[in-house]
Protein chains: 2
Amino acid sequence: MSEVESFFKSAFSVDNVIFGFDGGDLKILLIQRGAAPYKGKWALPGDLVYPNEDLDTAAERVLEQLTGLRDVYLEQVRAFGAVDRHPLGRVITIAYFSLIKISDYTVTPASFAQSAMWHSVNKVGDLAFDHKEILDSCLKRLKRKVRMAPIGFELLPPKFTLTELQQLYESILAPPKGIDKRNFRKKILSTNLLNDLNQVQEGVSHRPAKLYEFDKDKYEQLVAEGYSFDI
Amino acid sequence: MSEVESFFKSAFSVDNVIFGFDGGDLKILLIQRGAAPYKGKWALPGDLVYPNEDLDTAAERVLEQLTGLRDVYLEQVRAFGAVDRHPLGRVITIAYFSLIKISDYTVTPASFAQSAMWHSVNKVGDLAFDHKEILDSCLKRLKRKVRMAPIGFELLPPKFTLTELQQLYESILAPPKGIDKRNFRKKILSTNLLNDLNQVQEGVSHRPAKLYEFDKDKYEQLVAEGYSFDI
């Protein structure tokens, strides 16, 4: 065997931290493993990458097989490749996170989707492999990114109230003292990226709040002009 | 061959964008390839990862073999894994960038180090493999990171003037209109992370400027108290 051939004995996988928001908690979608290794443990959805498949394509495939969703927010975070991270051999995994609207999610017919369940991020315990470390790394990236880019809206329904938006940021950033309501509203409205829909909530027991939508076209136009989102 | 075995036919490498600063330009260290593929082309220093080697360890090894330097700033950026990116087979590469003081660099005896040369980042043309894409990605990360963390000091000598510091930021961020001197000095001094050494430059033809050092201990203490660097 040539020297170079001895290096071609590894595999690589993608693992996907799929975030959702249910109005109260930030959640992630986990799979209960049906087979060894780590049988019965909760794990991130992921798969080995096919020899002729690009990394992003593999991550999109895992997401679609599990959730039926395509064209959702997906971002590569980094590679995890500790020597002993996988019992089957040398397997490097490339971690992704995606943001979906929880209401768009329905259980797909894929066999591994049957064992999927949403878990509150702050109640996740041990996970299979090094998946807890991967989750922590993706969560850290999300916390930073959500302040620098308006990606949080990917987790909300198309029409939302300012209270819902604030709850979303609180669930992600988890600041010890919460977020000051007045400052938050002032800051987010001053971006001019929210359209007031001139509608209010329906079917709520409290005083119905105004509904807004995120103006993605306007954001993209502003970015082209050099604008940076910062909240 | 079992289904799983068919996946264990890939290799992975690390590639390292080594940044340096010569007082004027932001530079990177490139290697001229001595053998096919891409013989004669400039490339990022990198290597295949050994079967029993962690990713960070491999990146540190490449850096040390080339520069003789250890314990320098090193950060993983992301994985690049397009199906056809390497002519020898499926090879995923994990991109790193590191920051070194150019004056600490001397050519090491390693054979591939003989062909190494510093290039101005903004004059780099085509590179071997997908290395130009990797460079662009690492440069983008450096531009963002240098504003969020005081890592720029890794590129400067231990004692520096405020003008040198500003030139460093200008060479990395390359703002179209430059950086306003008065604002920059006010902002950087207000961090209280620079110690005035009560010394001035020696051997310069112009009026010698005051010398400063970065107070890393103080920075780490502030971070522990919740401080975020932002310049």
Side-chain angles (χ1 to χ4, degrees), chain A residues 1-15 35-37 47-59 75-97 130 137 141 143-145 147-149 173 175-177 226 228 230, chain B residues 1-15 35-37 47-59 75-97 130 137 141 143-145 147-149 173 175-177 226 228 230:
Chain A
M1 192 163 67
S2 80
E3 203 204 345
V4 166
E5 271 172 27
S6 69
F7 285 97
F8 283 81
K9 292 189 160 302
S10 348
F12 44 91
S13 60
V14 289
D15 283 302
D47 199 6
L48 292 168
V49 177
Y50 294 130
N52 61 348
E53 191 179 36
D54 285 335
L55 301 179
D56 289 358
T57 311
E75 174 174 333
Q76 192 204 113
V77 175
R78 55 167 292 189
F80 290 79
V83 171
D84 60 354
R85 64 173 296 281
H86 201 295
L88 285 183
R90 190 75 198 268
V91 183
I92 282 194
T93 197
I94 319 297
Y96 284 80
F97 79 85
D130 51 0
S137 178
R141 170 75 65 97
K143 281 175 196 272
R144 194 183 70 224
K145 199 71 184 271
R147 306 188 61 168
M148 293 164 46
L173 298 174
K177 295 176 184 173
S228 292
D230 178 19
Chain B
M1 193 164 64
S2 81
E3 203 205 343
V4 165
E5 272 172 28
S6 69
F7 285 96
F8 282 82
K9 291 190 163 299
S10 341
F12 45 92
S13 59
V14 289
D15 283 302
D47 199 6
L48 291 169
V49 177
Y50 295 130
N52 61 348
E53 190 179 37
D54 285 334
L55 301 178
D56 290 358
T57 311
E75 174 174 332
Q76 192 203 113
V77 175
R78 54 167 293 189
F80 290 79
V83 171
D84 59 355
R85 64 173 296 282
H86 201 295
L88 285 183
R90 191 74 198 269
V91 183
I92 282 193
T93 197
I94 319 297
Y96 283 80
F97 78 84
D130 51 0
S137 178
R141 171 74 65 95
K143 280 175 196 273
R144 194 183 70 225
K145 199 71 183 273
R147 304 187 62 167
M148 293 165 46
L173 299 173
K177 295 175 185 173
S228 293
D230 179 19

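Reminder, nothing fancy here: chain letters follow the sequence lines and each chain counts from 1.
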Which pair of heavy atoms, one from [X] and one from [Y], lies closest together, and at what distance?
{"X": "Arg78(B)", "Y": "Gln76(A)", "result": "CB-OE1, 3.0 Å"}
{"X": "Val91(B)", "Y": "Phe8(A)", "result": "CG2-CZ, 3.6 Å"}
{"X": "Gly81(A)", "Y": "Asp54(B)", "result": "O-OD1, 3.9 Å"}
{"X": "Pro51(B)", "Y": "Ser6(A)", "result": "CG-O, 4.5 Å"}
{"X": "Ala11(A)", "Y": "Ser10(B)", "result": "CA-OG, 4.2 Å"}

- chain B contact via Tyr50(A) - which portion, at a heavy-atom distance below 4.5 Å: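 Contact with chain B: backbone and side chain both.
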
- Item | Side chain / backbone / both / neither for Val49(A) at chain B, heavy atoms under 4.5 Å |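 Both backbone and side chain of Val49(A) come within 4.5 Å of chain B.
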
- Item | Flag side-chain contact, heavy atom, 4.5 Å: Ile92(A) against Ile92(B) |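 No - every pair of side-chain heavy atoms lies 4.5 Å or more apart.
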
- Distance, nearest 0.5 Å, that separates CD1 of Ile94(B) from CZ of Phe12(A):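 Going from the CD1 atom of Ile94(B) to the CZ atom of Phe12(A) covers 9.0 Å.
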
- Message: Distance check, rounded to the nearest 0.5 Å: Arg144(A) atom CZ versus Arg144(B) atom CZ?
- Response: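 The CZ atom of Arg144(B) is 4.0 Å from CZ of Arg144(A), to the nearest 0.5 Å.
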
- Message: Which one wins on heavy-atom pair count under 4.5 Å against chain A: Gly89(B), Ala95(B), Ala79(B)?
- Response: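 Between Gly89(B), Ala95(B), Ala79(B), the count favours Ala79(B).
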
- Would you say Arg85(A) has more than 12 foreign heavy atoms packed within less than 6.0 Å of its CZ?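 Counting neighbours around CZ of Arg85(A), more than 12 heavy atoms of other residues, nucleotides or ligands fall under 6.0 Å, so yes.
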
